[in-house]
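First the structure, in the form of structure tokens, and then the observations on it.
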Amino acid sequence: MNAERRPLALYPGCSLLSTGVMYRLSVHETLRALGIPVRELADWNCCGATSAHYLDAGLALLLPARNLALAEAQGVDILTACAACHHHLARAHHALAHSESLGRSVEEHGIDYRGDVRVQHVLTLLDDAGLAARVRRPLTGLRVACYYGCLLVRIPRAGGIDDPDAPSVMERVLRACGADVVAWQAGTWCCGAGLAVAEPDVAQGLMADILAEAHRVGADCIAAVCPLCQLNLDLHQAAIALHRGFRRMLPVVFVTQLTALALGADPRRLGFDRHLVDALPVLAAVEVVAGGRR
Amino acid sequence: MAAVSIHHEVEAIHHEAGAVDPGWVRRIEATSGEPVRLCFGCGVCSGSCPLASAMDLLPGRVLRAIQLGLRDRVLQAVTPWVCIGCETCAVRCPNGIDVARVMDAVRQEVLALERPVPMPGVYRFHRWFLRTVWLLGRAHEAALSAGYALQQGRLRRDLPTGLRLMRRRRLALWPHAVRRRGEVRRLFGAGIREHER
Ligand code: SF4
Ligand code: SF4
């Protein structure tokens with residue numbers, strides 16, 4: 001293992017180019033405000049997501065492995081944002097760093113990886129960044145429910161960043177930003193992930209439970225770290241609210257949209273116009289952004 | 001789900017399953033990389049699985065049935081196709097078994113043997129996903145959704161959702177592609193073609 005820290009390169013992942021675009025914008029704005037230089041990994045490819053391990057075990061190793069090899073060749077460590085990308089990259093790194101024979105078999109596919117790259121999630125970076133001293137616009141009064149979803153905190157050998165049952169890193173980060181973090185049960189519940197497309201009824205049931213729990217504790221918004229969680233809870237919420245009789249809509253924001261705001265970034269650069277459930281009213285209510293709708 | 005003792009349950013699946021393949025457990029251990037024989041049927045994985053209610057065999061019962069060699073029963077189960085790989089089972093299993101990897105192995109055996117896929121919709125969704133990755137090196141959500149909706153004959157139902165996302169500029173139409181796409185395509189090897197059938 002290489003002990004020295006290399007520069008970080010963001011691995012945005014496919015969703016951050018499309019449905020999760022606000023995540024990418026706000027990761028960059030957060031890091032810019034902190035003065036942490038970050039570029040993006042050049043020529044990165046899809047990590048394989050659920051589909052690769054679902055249908056083809058070989059592909060589930062090879063797709064992330066190519067990204068690890070790219071990072072090694074470019075002399076950078078990988079910074080992840082999407083929870084699933086983090087899981088798949090960290091898992092492949094762990095497998096390859098611990099097995100020479102696996103290393104040889106990926107080499108046969110043109111991937112040369114020595115196992116030196118660190119895969120770090122943006123939450124861990126923010127946890128160590130001394131945020132409290134840098135906050136310019138505290139999120140005082142904003143009641144946030146921290147939603148981890150599944151893969152970011154699952155199993156240490158796949159890069160789980162925190163206790164799988166009682167994670168606290170997001171709470172620490174948002175508390176450092178002055179937010180009023182609520183205690184709730186649903187932090188690591190499942191949103192239904194990709195089943196939301198093929199089996200929407202099953203997935204909406206799971207989402208409804210998460211939203212109901214957030215309503216129960218009186219959250220103003222939910223903070224997410226996974227583009228699929230955010231998309232599911234944002235996109236399906238209107239239908240679920242109708243079905244379950246929720247009287248209020250709960251905006252689902254990315255954790256980095258909140259950190260960027262707290263660090264003084266311009267709200268117009270954080271993609272708030274992209275949400276289906278508008279987040280600006282709850283932010284305006286606690287005077288984190290100027291009043292009015294988008 | 002009614003409380004049924006494990007013995008009754010096992011007898012019942014035994015009864016309906018027919019043929020028994022006692023060597024299967026070792027083969028699944030080899031393809032999944034997980035020590036399936038260590039499972040002692042505690043049911044913790046089943047109890048923590050968020051999707052248990054949509055499954056026909058609970059995750060722990062799948063492991064048990066594999067131990068017993070009830071191959072046909074498991075290959076017909078919807079369970080592996082409902083499993084989304086959230087890994088909740090993997091963090092809870094007292095024997096450190098990553099049940100999601102076992103589900104992967106079962107699913108891939110169904111495909112390799114060209115057995116009927118118990119949930120074709122989910123299967124097609126993932127296939128469309130990998131198609132876009134093969135084509136571009138990256139997943140393309142717009143093409144994936146459109147292709148899937150067309151194949152499933154639900155374009156009319158899915159279109160409004162797509163339009164809502166497009167209105168919010170969250171469905172990039174212009175594809176982002178890897179520059180050296182050949183490098184990514186090579187990784188598919190025979191794999192994607194196998195699933196292409
Ligand atoms: S990985 Fe699959 S079997 Fe395990 S808890 Fe999640 S959905 Fe259930
Ligand atoms: S938790 Fe582990 S030991 Fe218990 S039934 Fe599930 S796989 Fe078997």
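Basis for what follows: all heavy atoms, side chains included, without hydrogens, waters or symmetry-related copies. Note on naming: letters A, B, ... go to the chains in the order of the sequence lines (proteins, then strands), and numbering restarts at 1 for each one.
Residue A/Leu206 holds its CG atom at 7.0 Å from OG of B/Ser53, rounded to the nearest 0.5 Å. Between the CZ atom of B/Arg127 and the OG atom of A/Ser51 there is a distance of 12.0 Å, given to the nearest 0.5 Å. Between the CZ atom in B/Arg169 and the OG1 atom in A/Thr19 there is a gap of 14.5 Å [rounded to 0.5 Å]. Rounded to the nearest 0.5 Å, atoms OG1 (A/Thr50) and CZ (B/Phe129) are 7.5 Å apart. Note that CZ of B/Phe188 and CG of A/Leu62 are 10.0 Å apart. Values are rounded to the nearest 0.5 Å. In this structure, CG in A/Asp234 is found 8.0 Å from CZ in B/Arg164, a value given to the nearest 0.5 Å.
Between B/Thr88 and A/Arg154 the shortest side-chain heavy-atom distance falls below 4.5 Å. Inter-residue side-chain proximity for B/Arg168 and A/His275 is flagged as unmet; no heavy-atom pair is nearer than 4.5 Å. Counting heavy atoms from C-beta on, the side chains of A/Leu17 and B/His140 never come closer than 4.5 Å. With contacts defined as side-chain heavy-atom distances shorter than 4.5 Å, the pair B/Asp104/A/Leu55 does not qualify. At least one side-chain heavy atom of B/Arg180 sits under 4.5 Å from a side-chain heavy atom of A/Leu70. The closest side-chain heavy-atom distance from B/Ile84 to A/Cys190 is below 4.5 Å. Between A/Ile111 and B/Arg186 the shortest side-chain heavy-atom distance does not fall below 4.5 Å. Within the 4.5 Å cutoff, the side chain of B/Leu111 has no heavy atoms near those of the A/Asp56 side chain.
Residue A/His53 comes nearest to B/Arg107 through the heavy atom pair O-NH1, 3.8 Å, listed as atom of the first residue, atom of the second, then distance. Taking every heavy atom of both residues into account, A/Tyr54 and B/Pro80 meet most closely at OH-O, 4.0 Å.
Ranking A/Leu63, A/Asp209, A/Thr188 against chain B, the residue ahead of the rest is A/Leu63, based on heavy-atom pairs under 4.5 Å. Listed options A/Leu235, A/Val153, A/Leu231 were ranked by heavy-atom pairs under 4.5 angstrom with chain B; first place goes to A/Leu235. Top candidate by heavy-atom pairs under 4.5 Å with chain A, chosen from B/Ala172, B/Cys86, B/Pro50, B/Ala90, is B/Cys86. Your options are B/Gln152, B/Arg179, B/Arg124, and the one with the most heavy-atom pairs under 4.5 Å with chain A is B/Arg179.
A salt bridge (Lys or Arg N to Asp or Glu O under 4.0 Å) check over residues 137-157 of chain B, counting only residues at least two apart or in different chains, returns the pairs B/Arg154-B/Asp158. Screening residues 80-94 of chain A for salt bridge (Lys or Arg N to Asp or Glu O under 4.0 Å) gives A/Arg91-B/Glu87, A/Arg91-B/Asp98 as the qualifying pairs, with residues at least two apart or on separate chains.
Proximity to chain A is absent for every atom of B/Leu136, based on heavy atoms less than 4.5 angstrom apart. Both the backbone and the side chain of A/Val197 come within contact range of chain B, judged by heavy atoms closer than 4.5 Å. Both the backbone and the side chain of B/Trp81 come within less than 4.5 Å of a heavy atom in chain A. Only the side chain of B/Arg92 comes within contact range of chain A, with heavy atoms under 4.5 Å apart. Of the atoms belonging to B/Ala54, it is side-chain heavy atoms, and not backbone ones, that fall under 4.5 Å from chain A. Contact annotation for B/Met119: only side-chain heavy atoms (C-beta onward) come within less than 4.5 Å of a heavy atom of chain A. If you measure heavy-atom distances from B/Val133 to chain A, the contacts under 4.5 Å come from the side chain alone.
Interface with chain B: from residues 42-49 of chain A, residues A/Asp43, A/Trp44, A/Asn45, A/Cys46, A/Gly48, A/Ala49 qualify, criterion being any non-hydrogen pair under 4.5 Å. Residues of residues 32-39 of chain B having a heavy atom under 4.5 Å from any heavy atom of chain A, listed by number: B/Glu34.
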Original post:
Are B/Val178 and A/Arg66 close enough, and set up right, to give a side chain to side chain contact (heavy atoms under 4.5 Å, CB included), and what steps lead you there?
Top reply: CA-CA 12 Å; B/Val178 169; A/Arg66 178 177 178 271; 4.0 Å; yes
**OP:** I would like to know whether B/Val82 and A/Val202 meet side chain to side chain contact (heavy atoms under 4.5 Å, CB included); could you show each step before the answer?
**Re:** CA-CA 10 Å; B/Val82 172; A/Val202 175; 5.6 Å; no
